[in-house]
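Let me begin by presenting the structure, written as structure tokens, before commenting on it.
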Amino acid sequence: MLSRAIEDLKDFASRESLYEKKILLMFSGGKDSSLALYLLKKAGLDVSAITFIHRWSWREPLPRMLKFTSSLEVEHYLVDITESLLRNSVGRKGPICIHCKKVMLKNAYWFARANGFDIIAKGDNANDKIKGALLDQWDGDHRLSTIPRIGIPILRPLINYIAEEVEALAKEANIKVFRMYEYGRRRQWREGCPLQYIDKEQIIKEEYFDLAYEANYEISKIARKHKVRMSVIVPSFMVMCHGCNEKVLKEAEAALENIKRRFANASSGKN
């Protein structure tokens with residue numbers, strides 16, 4: 001299956017003259033973006049990776065991400081978007097991911113333009129929302145489009161593969177990602193960053209960024225220990241878990257007690 005995917009990408013790249021282009025892949029270090037980078041590199045394309053980080057990014061996955069890009073001999077850029085994220089999200093209604101994605105895409109565009117890249121690549125697969133109404137506006141092959149219309153083409157090498165196929169391809173390629181044992185937003189266990197667990201109905205405040213990171217970092221240690229998937233929504237402190245029993249949930253609640261108390265005291269002091 002993997003060799004067929006590489007050959008298919010080679011054929012597509014030849015038809016679209018991609019071998020004459022410089023490609024910048026938005027690399028989160030997850031399974032989708034890792035597989036997309038692997039396929040592009042194995043297909044012989046000129047691809048580099050860019051990873052956006054901020055003050056609340058998980059630190060643990062970064063060494064494995066750097067090791068992976070180094071093993072592929074892919075140039076890997078790290079760009080801090082903390083200030084842009086704060087400027088474009090605080091005071092607005094969630095979910096935070098909507099604002100963060102806009103910031104990352106805008107930064108990817110300007111980075112690409114400033115550094116001679118012709119195409120931005122992403123790890124979107126057939127289960128992602130982009131495959132529906134948005135890409136249905138595109139008459140050509142969904143793998144290369146100008147949607148969203150940001151002024152540079154977007155390459156999506158995985159867009160015709162469903163999540164289960166991505167999983168199988170990644171397994172065949174021996175791609176292993178670092179898990180924080182988050183609850184994840186979807187059935188296929190898509191991890192991200194702790195900020196996705198800020199309540200989407202809240203008006204975003206910077207204090208919620210710190211709270212989301214601290215609470216979910218403590219929860220992730222318990223989740224990893226018990227090999228369950230667990231996260232906590234803030235500021236409501238609602239614990240979400242796949243595979244938890246009563247003992248694990250009690251341990252999680254105990255770990256959150258001091259954080260909840262400090263947050264309540266800080267909030268009452270402001271009031």
Quick check against the 3.5 Å criterion: does T51 have a side-chain atom that pairs as donor or acceptor with the backbone of F27?
yes
Can you check whether I147 reaches I154 side chain to side chain, under 4.5 Å on heavy atoms?
no
Any donor-acceptor N/O pair, W110 side chain to R113 backbone, under 3.5 Å:
no
Taking the side chain as every heavy atom from C-beta outward, state whether H54 and V103 have any pair of such atoms under 4.5 Å apart.
no
Check: A255 main-chain N/O paired with E218 side-chain donor or acceptor under 3.5 Å:
no
Minimum side-chain heavy-atom gap E16-K21 below 4.5 Å:
no
Under a plain distance cut-off of 3.5 Å, with no hydrogens placed, do Y183 and Q196 share a side-chain donor-acceptor pair?
no
Determine whether I6 and V47 fall in the same hydrophobic cluster, where Ile, Leu, Val, Met, Phe, Trp and Tyr are linked whenever their side-chain heavy atoms lie under 4.5 Å apart.
yes
Identify the two heavy atoms, one from Q202 and one from P235, that lie closest to each other, and give their separation to 0.1 Å.
CG-CD, 3.6 Å
For K22 and E75, what are the C-alpha separation, side-chain angles and deciding distance, and is it a salt bridge (charged side-chain N to carboxylate O under 4.0 Å, His left out)?
CA-CA 12 Å; K22 286 185 65 178; E75 198 163 31; over 6 Å; no
Contact summary for F52 and A108, nearest pair of heavy atoms
CZ-N, 3.5 Å
Taking I152 as the starting point, is it possible to reach L144 by hopping between hydrophobic residues whose side chains are less than 4.5 Å apart?
no
Check: R224 main-chain N/O paired with K227 side-chain donor or acceptor under 3.5 Å
yes
For the pair E251 and K225, evaluate salt bridge (charged side-chain N to carboxylate O under 4.0 Å, His left out) and give the outcome as yes or no after the intermediate values.
CA-CA 11 Å; E251 187 175 346; K225 181 175 74 172; 2.5 Å; yes
Looking at E73, I'd like to know if its CD atom is crowded, meaning that more than 12 non-hydrogen atoms belonging to other residues, nucleotides or ligands lie closer than 6.0 Å.
no
Distance col, row F178:CZ vs R59:CZ, nearest 0.5 angstrom, shows 13.0 Å
Checking D8 against R143 for the side-chain contact (heavy atoms from CB on, under 4.5 Å) test, could you report, in this order, the C-alpha distance in whole Å, the side-chain angles of both residues, the deciding distance, and whether it holds?
CA-CA 12 Å; D8 184 50; R143 284 175 289 185; 3.0 Å; yes
Nearest 0.5 angstrom please: L134 CG to K129 NZ, how far?
10.5 Å
For the backbone of H142 and the side chain of S145, can you confirm whether one donor and one acceptor N or O come within less than 3.5 Å of each other?
no
S84 side chain reached by N107 side chain, heavy atoms, under 4.5 Å
yes
Measuring from L2:CG to L35:CG, what's the distance to the nearest 0.5 Å?
7.5 Å
Mind checking whether F209 and I204 have side chains closer than 4.5 Å, heavy atoms only?
yes
N/O donor-acceptor pair under 3.5 Å between N127 side chain and I162 backbone
no
For S89 and H99, does a side-chain donor sit closer than 3.5 Å to a side-chain acceptor?
no
Could you check F237 against L211 for side-chain contact (heavy atoms from CB on, under 4.5 Å), going step by step and ending with a plain yes or no?
CA-CA 10 Å; F237 287 95; L211 183 62; 3.6 Å; yes
Linking I/L/V/M/F/W/Y whenever their side-chain heavy atoms sit closer than 4.5 Å, directly or via other members, would L249 and V234 fall into one cluster?
yes
Check for me, please, whether I50 and L66 land in the same ILVMFWY cluster - side-chain distances under 4.5 Å, paths through other members count.
no
Between D128 and I130 (side chain of the first, backbone of the second, donor and acceptor by atom type, cut-off under 3.5 Å), is there such a pair?
no
Is it true that R229 and E182 have a side-chain N and a carboxylate O under 4.0 angstrom from each other?
no
Smallest heavy-atom separation, T69 atom then A49 atom, equals CG2-CB, 4.3 Å
Using a 3.5 Å distance criterion without hydrogens, assess whether the side chain of N160 forms a donor-acceptor pair with backbone atoms of A126.
no
Identify the heavy atoms of N125 and Y161 that sit nearest to each other, and give their distance.
CB-O, 3.3 Å
Exam field: side chain S70 to backbone K67, donor-acceptor pair closer than 3.5 Å:
no
Let's go through T82 and W56 carefully: what are the C-alpha distance in whole Å and the side-chain angles of both, what is the deciding distance for side-chain contact (heavy atoms from CB on, under 4.5 Å) to 0.1 Å, and is it a yes or a no?
CA-CA 8 Å; T82 299; W56 306 275; 3.9 Å; yes
Any side-chain to backbone donor/acceptor pair from E7 onto R4? Under 3.5 Å, distance only.
no
By disulfide (SG to SG under 2.5 Å), C244 pairs with (sequence neighbours left out) C241
Taking all non-hydrogen atoms of both residues, which atom of K41 and which atom of V74 are closest, and how far apart?
CD-CG2, 3.9 Å
Give a yes or no on this: more than 12 heavy atoms of other residues, nucleotides or ligands lie within 6.0 Å of atom NZ of K200.
no
In one Ile/Leu/Val/Met/Phe/Trp/Tyr side-chain cluster, 4.5 Å: I53, I81
no
Can you tell me how far apart CE (M230) and CE (M180) are? Round to the nearest 0.5 Å.
12.0 Å
Quiz question: by atom type and distance under 3.5 Å, do the side chains of N258 and R261 form a donor-acceptor pair?
yes
If we only count heavy atoms from C-beta on, is the L40 to L155 side-chain gap below 4.5 Å?
yes
In the structure I gave you, are the side-chain heavy atoms of D124 and K131 within less than 4.5 Å of one another anywhere?
no
Would K250 and E246 count as a salt bridge (charged side-chain N to carboxylate O under 4.0 Å, His left out) if you check the C-alpha gap in whole Å, the side-chain angles of each, and the deciding distance to 0.1 Å?
CA-CA 6 Å; K250 284 183 178 179; E246 187 175 347; 3.4 Å; yes
Non-hydrogen side-chain atoms of L9 and L18 separated by less than 4.5 Å:
no
Can you tell me how the ring of Y77 sits relative to the ring of F117, calling it parallel under 30°, perpendicular over 60° and tilted otherwise?
perpendicular
At their closest point, which heavy atom of L25 faces which heavy atom of S33, and how far apart are they?
CD2-O, 3.7 Å
Rounded to the nearest 0.5 Å, how far apart are CD1 of I120 and CD1 of I23?
11.5 Å
Rounded to the nearest 0.5 Å, what separation is found between the CG atom of D32 and the CE atom of M26?
13.5 Å
Run the side-chain contact (heavy atoms from CB on, under 4.5 Å) check on V177 and F68 step by step: do they pass?
CA-CA 9 Å; V177 300; F68 179 72; over 6 Å; no
